[in-house]
Amino acid sequence: MMKNTKMIALTLALLSLGKVSVQAQEIEKPRIKSETTFAIVIDKDTYQYAKAEVQAYKQAVEKDGLGTYIVVEKWTSPEQIKTVLEDLYRQKTGRLEGAVLVGEIPVPMIRDAQFLTSAFKMNQKIRWDKSSVPSDRFYDDFDLRFDFLRQETEAGKENYFYYSLNEQSNQFIEMDIYTARIKPPVVAGEDAKDKIKDYLQKVVRLRGENNPLTDMMVSTGHGYTSNAVNSALGDALALKSQFPTLFMPGNSIKFMNFRNTDFIKFNMLAELKRPGMDFAFMTGHGTAAQQVLNGYPSVSNPQPSMQNVARYLRAKMRAAKEDGRDVEKVKADFQASLGVNDKWFEDAFVASSIVEDSIYNENMDMQFYDVKDAGIQARLVYLNSCLTGSFHLKEYIAGYYPFSKNETIVALANSVGVLQDLWPGELIGILQHGVRVGNWLKHTAYLETHILGDPTFAFSGARAASLNQALAVKTGQAGYWKDLLKTPDADLQALSLIYLSRLLPAKEASNLLRKYYFESAYETVRMEAFQLLRNFEDKNYFDVLHAAKNDSYEYIRRRVAYDLADFGGDDFVKDQLEFYVSDPHSERVAYRTRWNLQFLNPTLARQYVNELIRENKALVQGDSLANKLDRDIEVSQKKTATTLATITDKKKLDKDRIGEINNLRLYRNHALIPALIAMAKDAENSDDVRRTALEVMGWYNISVRRPEIAAACDEIAARPNEVDVIKKEAIKTKKRVTSKQHS
């Protein structure tokens, strides 16, 4: 063993499966001293197989001034790893800043924490492997505490460990370190260890490059954010503020949209494989196996329109046959509904037609085989899509970017479904200055967000050393962030606002955020200021909320539409209806505004429909729109009354009441909060009904009714004879509606 390599054994007592077990990890210390450190956590078999490559990777990271541990064990539980990482993080010197999990590392499957995701709201009574969130926030956010439930027993999934978020835990994400996975997708006959060796060799080779971020590709797939043109235009304007040098001669940023061609993936692949490509930022729908790119062509000419209908009908007929349904009945139903004759169906089961349609459908989306060993050059790939980062599965498409014969070092992707109205570009501009990908993730991650590959990767940048150091050891120094705030750079200013909002006295911080919202020309600085003001919920926040509905940046207007409804106060009914007047041309804003209509005070809503729309002479067809909105308000009133009757009827089955209550996580109808409070307090309701009512109220985290919710939770938690599960849920919900999450 080398003299400068000291192997030590840490004996850790861990509570696992209800028993105390003793495990010993081999920990190789860093060879250099550094203000912060990094850990390579790897299973014993993989380390023995790829020891030379792991050591070379360690040396490459340390060459950048980041002392690196190697932690080796035959891992049997996530708690083993978390304890080691937390111990390294708590050190007085050389504190851990991040880790990479290599090979066979246990997968925490998180339950009872769907509110920490961007959108995941699956019924947890279905299969646990489907209704849990694979998440490494278990390893990197030490203020999140979990209760172990069980280990998966199904063959091939024994690496899944299920946990419930504890009621005493923080109820928001604020990562202490960053993490990433080096876990290649594999099929029968492949060995993940070989792919890990290949990947580490590639990383060591490419880390020696001088590679500034000068070449970027941005793509948008079909069906995302309502195919909204203003959404795409707004994102492009924001990116110009975030990456101004990419728009200058000698550098490059290319925008691709599904509307460009019937099969946009071929254009995208040409860009991804182009020498010099640095960063591919791809937005769209997705699955574990696909990036969804195109739909059927949007056409107006008769012939291609007819082809679209024919493909649709052939697909429906084949699906009916595969499902064992009555094909002739399906055919007759379509003939009746669409007015088509037999000719439209005659080649549905012709072999040549099946092959042709299959090829057409394959070409609409990015498949495994398009990415695997494709020679892709982009060093960083961001898949802003559902499910593409499902690293717990044997195969997942995001993994093929870094972990096959491509030049990709890092992919960022999601392990479950995500919200379309995310802010994926938050702080993305700091990457051009040499900030490590892991340090970027720490500020933006949800429960499902994951780095695949080397999290210490960074593009070359003059500020690299100072910024990474600041994000490690100067997070508590307000003076540093005040100085950085003066830099004429959109995302460095946004980053500074994040830390100053935490460090400055509340009034000073709130005033600063208000100032930067109203005075900044940078879209992302205004958005960051608006987002951070939610944590203060004072006059400055409400002034900005009123004003931001007219912001030039479409994404801010879209997020305002969310906040207006999520807050739910009568003061904002007028603001919501003004969107029908001021922004009907922004499809995604209009969609959210229509959605919000069902939650408004109906009396005020009718008043402002009449005032702002029916009596507005500048509106073309205003009277017709007003009549429609009046009808929609009436329908919403009836829906609210029906929901109220269902959830409060003790004669109904629990499953029916619970199903309707759970809908209120998405349909956040503030008018029903008093009923939910009464149900949670009433011991005549079943524990399941009461717990569900409490859990659902936790989703109303900026609601005007939060004080009522918090008071009810306090009352329930203080009851001396209260059922334990109800008391725990009350504590959890109280934390959720009173804690403020930092950006």
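The shown structure was predicted, so the numbers you read here are calculated from the model rather than taken from an experiment. Numbering of residues begins at 1 and proceeds along the displayed sequence.
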What is the minimum heavy-atom distance between Gly295 and Met364, and which atoms define it? O-SD, 3.5 Å

Taking the side chain as every heavy atom from C-beta outward, state whether Thr261 and Asn267 have any pair of such atoms under 4.5 Å apart. yes

Polar contact flag, side-chain donor to acceptor under 3.5 angstrom, Asn210-Ser460: yes

Geometric cation-pi criterion Arg379 and Phe459, 6.0 Å radius, 45° cone: no

Got Leu149 and Tyr163 here, is their nearest side-chain heavy-atom distance under 4.5 Å? no

With Tyr162, the side chain to side chain donor-acceptor pair (under 3.5 Å) member among Arg150, Arg111, Glu152: Glu152

Distance only, no hydrogens: is a donor on one side chain within 3.5 Å (strictly under) of an acceptor on the other, for Tyr400 and Glu395? yes

Atom of Phe349, atom of Lys321 and distance for their closest heavy-atom approach: CE2-CD, 3.5 Å

Check for a donor-acceptor pair, side chain of Tyr553 on one end and backbone N or O of Asp235 on the other, with a separation under 3.5 Å. no

Looking just at side-chain N and O atoms, do Arg259 and Thr220 make a donor-acceptor pair shorter than 3.5 Å? no

Atom CD of Glu356: over 12 foreign heavy atoms under 6.0 Å: no

Verify, without hydrogens or angle tests, whether Thr449 (side chain) and Tyr446 (backbone) share a donor-acceptor contact under 3.5 angstrom. yes

Centre-to-centre under 6.0 Å for Phe161 and Phe138, is that the case here? no

Between Ala289 and Ile397, what is the shortest heavy-atom contact and its length? O-CD1, 3.7 Å

Do Arg558 and Tyr555 meet the cation-pi criteria used here (NZ or CZ under 6.0 Å from the six-membered ring centre, within 45° of the axis)? no

In sequence, state the C-alpha distance, the side-chain angles, and the governing distance for Tyr360 and Phe263, and then conclude on ring pair (Phe, Tyr, Trp, His ring centres under 6.0 Å). CA-CA 9 Å; Tyr360 188 97; Phe263 305 120; 5.0 Å; yes

Charged N-O contact under 4.0 Å between Asp45 and Lys193: no

For Asp112, what residues pass the salt bridge (charged side-chain N to carboxylate O under 4.0 Å, His left out) criterion, not counting sequence neighbours? none

Would you call Lys331 and Asp342 a salt bridge, using N to O less than 4.0 angstrom? yes

Taking the side chain as every heavy atom from C-beta outward, state whether Leu422 and Asn384 have any pair of such atoms under 4.5 Å apart. yes

Considering residues at least two apart in sequence or located in another chain, which fulfil the side-chain contact (heavy atoms from CB on, under 4.5 Å) criterion with Glu190? Val186, Val187, Lys195, Lys372

Side chains of Leu313 and Leu338: closer than 4.5 Å at any heavy-atom pair? yes

Charged N to carboxylate O below 4.0 Å: is that the case for Arg559 and Asp421? no

Just checking, is any N or O donor in the side chain of Arg592 or Ser226 under 3.5 Å from an acceptor N or O on the other one? no

Tell me whether the rings of Phe247 and Phe255 are parallel (<30°), tilted (30 to 60°) or perpendicular (>60°). tilted

Is it the case that Lys316 places NZ or CZ above or below the six-membered ring of Phe334, under 6.0 angstrom from the centre and within 45 degrees of the axis? no

Go through the steps for Glu523 and Ser241 under the test side chain to side chain donor-acceptor pair (under 3.5 Å), then give the verdict. CA-CA 7 Å; Glu523 293 85 354; Ser241 293; 2.6 Å; yes

Ala458 to Gly434 - nearest heavy-atom pair and separation: CB-O, 3.3 Å

So, Glu158 and Gln151: side-chain donor and acceptor under 3.5 Å apart, yes or no? no

Side chains of Ser231 and Arg588: is there a donor and an acceptor less than 3.5 Å apart? no

Grab the two heavy atoms, one from Val41 and one from Ile105, that are nearest each other, plus how far apart they are. O-CD1, 3.9 Å

Output yes when Glu407 and Arg205 qualify as a salt bridge under the 4.0 Å nitrogen-oxygen rule, no when they do not. yes

For Asn596 and Thr593, which I'm curious about, is there any donor-acceptor pair between the side chains at under 3.5 Å? no

For this output row, return yes or no: ring centroids of Tyr667 and Trp595 closer than 6.0 angstrom. yes

Would you please test Leu431 and Leu380 for side-chain contact (heavy atoms from CB on, under 4.5 Å) and show each step? CA-CA 10 Å; Leu431 293 171; Leu380 172 61; 3.8 Å; yes

Using a strict 4.0 Å threshold on nitrogen-to-oxygen distance, state whether Lys202 and Asp198 make a salt bridge. no

Return the set of residues passing side-chain contact (heavy atoms from CB on, under 4.5 Å) with Gln307 (not counting sequence neighbours), or none when no residue passes. Gln303, Pro304, Arg311

How many angstroms lie between CE in Met306 and CG in Asn308, if you round to the nearest 0.5 Å? 11.5 Å

Does a donor on one side chain sit under 3.5 Å from an acceptor on the other, for Ser118 and Glu448? yes

Closest heavy-atom contact between Asn230 and Glu587? N-OE1, 4.2 Å

With a 4.5 Å cut-off on side-chain heavy atoms, are Asn227 and His222 touching? yes

Does the side chain of Asn414 pick up a donor-acceptor pair with the side chain of Thr388 at under 3.5 Å? no

Is Asp140 reaching over with its side chain to a backbone N or O of Gly98, donor-acceptor style, under 3.5 angstrom? no

His450 side chain vs Ala180 backbone, donor-acceptor pair below 3.5 Å: no

Give a yes or no on whether the backbone of Arg137 and the side-chain of Ser135 come within a donor-acceptor separation of less than 3.5 Å. yes

Taking the six-membered ring for Trp, is the centroid-to-centroid distance between Tyr382 and Phe281 below 6.0 Å? yes

Side-chain contact test, heavy atoms from C-beta onward, threshold under 4.5 Å: evaluate it for Ile40 versus Val102 and give yes or no. yes

When you measure from the side chain of Ser132 to the backbone of Met109, do you find a donor-acceptor pair of N or O atoms at a distance under 3.5 Å? no

Side chains of Ser358 and Asn361 only: does a donor on one sit below 3.5 Å from an acceptor on the other? no

Are side-chain N/O atoms of Glu53 and Gln201 paired as donor and acceptor at under 3.5 Å? yes

Looking at Gln290, is its backbone amide N or carbonyl O close enough to the side chain of Thr287 to form a donor-acceptor pair, meaning the two atoms are under 3.5 Å apart? yes

Pairing donors with acceptors under 3.5 angstrom, does anything connect the side chains of Asp278 and Gln377? no

Answer yes or no: are there more than 12 heavy-atom neighbours, outside Lys197 itself, under 6.0 Å from its atom NZ? yes

Answer yes or no: is there a side-chain heavy-atom contact under 4.5 Å between Pro184 and Phe391? no

Classify the side-chain pair Asn406/Thr408 by whether it contains a donor and acceptor separated by less than 3.5 Å. no

Looking at Tyr401 versus Phe403, is the centre-to-centre ring distance below 6.0 Å? no

Output yes when a side-chain donor or acceptor of Asp347 lies under 3.5 Å from a complementary backbone atom of Val350, and no otherwise. no

Check this for me, if you would: do Lys265 and Asp370 make a salt bridge, where the nitrogen-to-carboxylate-oxygen distance has to be below 4.0 angstrom? yes

Does a donor on one side chain and an acceptor on the other come within less than 3.5 Å for Gln242 and Asp491? yes

Short side-chain donor-acceptor distance under 3.5 Å, Tyr57 and Asp454: yes

Any non-hydrogen side-chain atom of Ser385 less than 4.5 Å from a side-chain atom of Val418? no

